Amino acid sequence: MTDKTFPDVADLTLEEKAALTSGLDFWHLKSIDRHGVPSIMVTDGPHGLRKQAGESDHLGLNASVPATCFPPAVALGSSWDPSLAARVGDAIGREAAIEDVAVVLGPGVNIKRSPLCGRNFEYFSEDPIHASDMGSGIVRGIQKNGVGTSLKHFAANNQESDRMRVSSDIDPRPLREIYLRAFQGVVGDEQPWTVMCSYNRVNGVYASEDPFLLTQVLRDEWGFDGLVVSDWGASNVRAEGVKAGMDLEMPSSGGVTDRQLVDAVKSGTLDEADLDRVAQRVLDLIRKSGQRPAVEGGFDVDAHHALAREAAARSIVLLKNEGDILPLAPTQKIAVVGEFAAKPRFQGGGSSHINPTRVDAALDAIRAAASDVVYAPGYVVPEPPEGIGMSEKKAPKPEQSVLDRLRAEAVEAAAGSDVAVVFLGLPDEDESEGFDRTHIELPAEQLAVLDAVAAVNENVVVVLSNGGVVALPFADRVPAILETWLLGQAGGSATADVLFGSVNPSGRLSETMPLRLQDSPAYTSFPGESQHVRYGEGLYVGYRWYDAREMDVAFPFGYGLSYTTFSYGAPVAVADADGIRVTVDVTNTGSAAGREVVQAYVSVPETSVERPPRELKAFQSVEIPAGETVPVELRIRRRDLAYWEIRTDEWIVEDAAYRVEVGSSSRDLHGSVDVDVAGDAFVVPLHATSSVAEAVAHPVAGPAAREALEGTTFSEIFSLDEVAANPMARSMPLNRLVSFGVGADVVDRILAAGA
Ligand code: BGC
């Protein structure tokens, strides 16, 4: 502590220290007036500011101050552009600074394990490198303003069902390589001020009191030097949390847990040094937030709205465009069908719900762009009966006669038009924080309207609004589909920008769209039972699963079309100490300027460990003028080449030839190049159950093992030269050799050489 105007933990009483480690109320930390320690405010995030000025709750029920609602992660993730995420983060950080908010509670970098997770709209991806780089962009942007972030929900919080108790039971490799990797990347690259531990348990231990997660992994291995805050109400036994490194319990416990900590220290069940450590981190956070540069004036509402529009347009994924039906011409007669066009669904329900500064409806934007537009709502979007957020309660269905009338009006509008733009999507009541979906179907009444419209007009453009992937039973029957996810407050105008071509679509799927829910990796184990969910698909999450099983999908990871076309030169890969540098020339072969998202997937053909067929390791979104060629450089970080070695509990880069495939999606690879990478030194110590083959091939003990076994009964039966090829001999544990006439002293000699 160098700042003498600010207290150190040594200046505080036991009671003050304990008090600091839990919240004052929903959004504030406690002050210590006699030391001039102020009460700071933390608020949600993640895709805009949700500062509740009056009565507080964390369920998204009470209104908050108006703020720009940027595209939620499901959409922004589709931009595949961390620098765009950083610009969005910068704007959120500025709005937070103006509102005197110390920490924005986001971003969320949990992996989309199942399409059913009710909160997938708050997460970026099914891939950890993608989620990490996008999350890093948000953190970088927000923290530039002297405002902190809270990287959440740490860890393995991949479902809402039973979220406050369920144990995510995960093997070490998928835990490290898939579920923790995104957190590790953001911590390593951007040092978020705080990390929010999740509600759930991980392998049986509450994340909020897990010394493995919160201290060993997060701090000791990754070097995190910030504060760990609990998700709201995630603290279980407070003293256990303190011991594990969970610094701040939120929201308030009404003083109950503060007293527990004081008593625990007094009775000797909690070491005061443990309390000091967490209280000091709270003080450090408060001090750090006090150093935020002063912000003059308000924020530029129009400029932030314009950025929200740009980001939304960049998030739209063009899934299909047969016969180049898009972009639309302003001179066409356009039927707009579907109530979502007039009443957009632009964010998800729950704690991330933002009170937008304004909302653009696509219908208004289409009317502004074209002169001959007819509108028919087609269906009724149900309003959630209890307001937006966390309620599974359904609104009563409209009468069949109402639905019939709305459908007939839609058909009439479509029949007399050149093109029908049909808006379909999930209502709030179908997906929200707090519960998971049970299916991935769009509402039946919407599909019925689409069918009726398609029967009278073949030029149908479907525009989808949804936070999690939906089944597209009509994909073969309509010429064009735009996946617009939940686009934030400017989504309506951004949709028109893409429909009319003032923005050339460049979004790419960061989540596979399966043909059927039954095909998806976690189908048989999600959401588990009896407070346990077993991540049985292991490493095979998302495209890793569909590729390994060579399954057809509706649209693959990384996929998205453009109004132009691109061609690729041959990729070149050079390994260096930092990883692999990949360069490739990409040409815009069409007549419109456009963005291509260049993706590099890596595999190891001669690997000695289990690996998915290919894994995303680097990507870049590049703007390319029509007809031009741009050299694109992708950096694959060495750390991202490593797998988690379970025999020695460490990251290992295998010494091998790595295949780098470069392309426009995980299933549209244009070129491939192999490059040798020097691996990490890696020796597995020999132990009693190591096999004979492992002993003979051991880099240190091999020669001694061979010498010791030479002339024994074992070597008379099995040639030591061929031991690795003999299925029975190669897996013979060393400690069983005594049953085959090999002396115990021989085994001991081998073990000593390889210890
Ligand atoms: C959510 C967090 C959120 C917190 C505060 C919890 O219900 O899981 O993401 O930051 O509430 O609103």
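On a predicted model such as this, the values are computed, not experimentally measured, just so you know. One-based numbering, in listed order, for ligands and for the atoms of each. Side chains included, hydrogens not; waters and symmetry mates left out as well; all remaining heavy atoms used. Numbers here are sequence positions counted from 1.
Under 4.0 Å from ligand 1, not a single heavy atom of Glu122 appears. If you look at Glu433 next to ligand 1, the close heavy atoms, those under 4.0 Å, all belong to the side chain. Residue-level proximity to ligand 1 for Arg50 is carried by the side chain, the only part with a heavy atom below 4.0 angstrom. Under 4.0 angstrom from ligand 1, the non-hydrogen atoms of Trp27 all belong to its side chain. Within the 4.0 Å heavy-atom criterion, neither part of His353 lies near ligand 1. The part of Arg163 lying near ligand 1 is the side chain, judged by heavy-atom distances below 4.0 Å.
Heavy atoms of other residues, nucleotides or ligands lying less than 6.0 angstrom from NZ of Lys343 number 12 at most.
Relative ring orientation between Tyr543 and Phe557 is described as parallel, the plane-to-plane angle staying below 30° on a 0-90° scale split at 30° and 60°.
Applying the 4.0 Å criterion to heavy atoms of Met196 picks out, from ligand 1, the atoms 10 (O). The contact set between ligand 1 and Arg119, taken as ligand atoms under 4.0 Å from a residue heavy atom, comprises 1 (C), 2 (C), 8 (O), 9 (O). When each atom of ligand 1 is checked for a heavy atom of Lys152 under 4.0 Å away, the hits are 2 (C), 3 (C), 9 (O), 10 (O).
Taking all heavy atoms of Leu105, Asp44, Asp231 into account, the minimum distance to atom 10 (O) of ligand 1 is reached by Asp44.
Not a single heavy atom of Phe26 sits less than 4.0 Å from an atom of ligand 1.
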>> Go through it in stages, so that I can follow the logic: the residues are Leu261 and Lys17, the test is side-chain contact (heavy atoms from CB on, under 4.5 Å), and I'd like the CA-CA distance, side-chain angles, deciding distance and then a yes or no.
In response: CA-CA 9 Å; Leu261 293 182; Lys17 287 187 283 194; over 6 Å; no
> After noting the C-alpha distance and the side-chain angles of Arg87 and Asp90, does the key distance pass the salt bridge (charged side-chain N to carboxylate O under 4.0 Å, His left out) rule?
Replying inline: CA-CA 5 Å; Arg87 287 172 57 212; Asp90 189 11; over 6 Å; no
>> The test is side-chain contact (heavy atoms from CB on, under 4.5 Å); show your working for Phe346 and Leu486 and say whether it passes.
In response: CA-CA 4 Å; Phe346 56 93; Leu486 307 178; 5.6 Å; no
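Looking at ligand 1, you won't find any N or O of Trp232 less than 3.5 Å from one of its N or O atoms.
Arg113 forms a cation-pi arrangement with Tyr535, by the criterion of a distance under 6.0 Å to the ring centre and an angle within 45° of the ring axis.
For the pair Leu49/Ile354, no side-chain contact is recorded, criterion being any heavy-atom separation below 4.5 Å from C-beta on. The closest side-chain heavy-atom distance from Leu105 to Pro46 is not below 4.5 Å.
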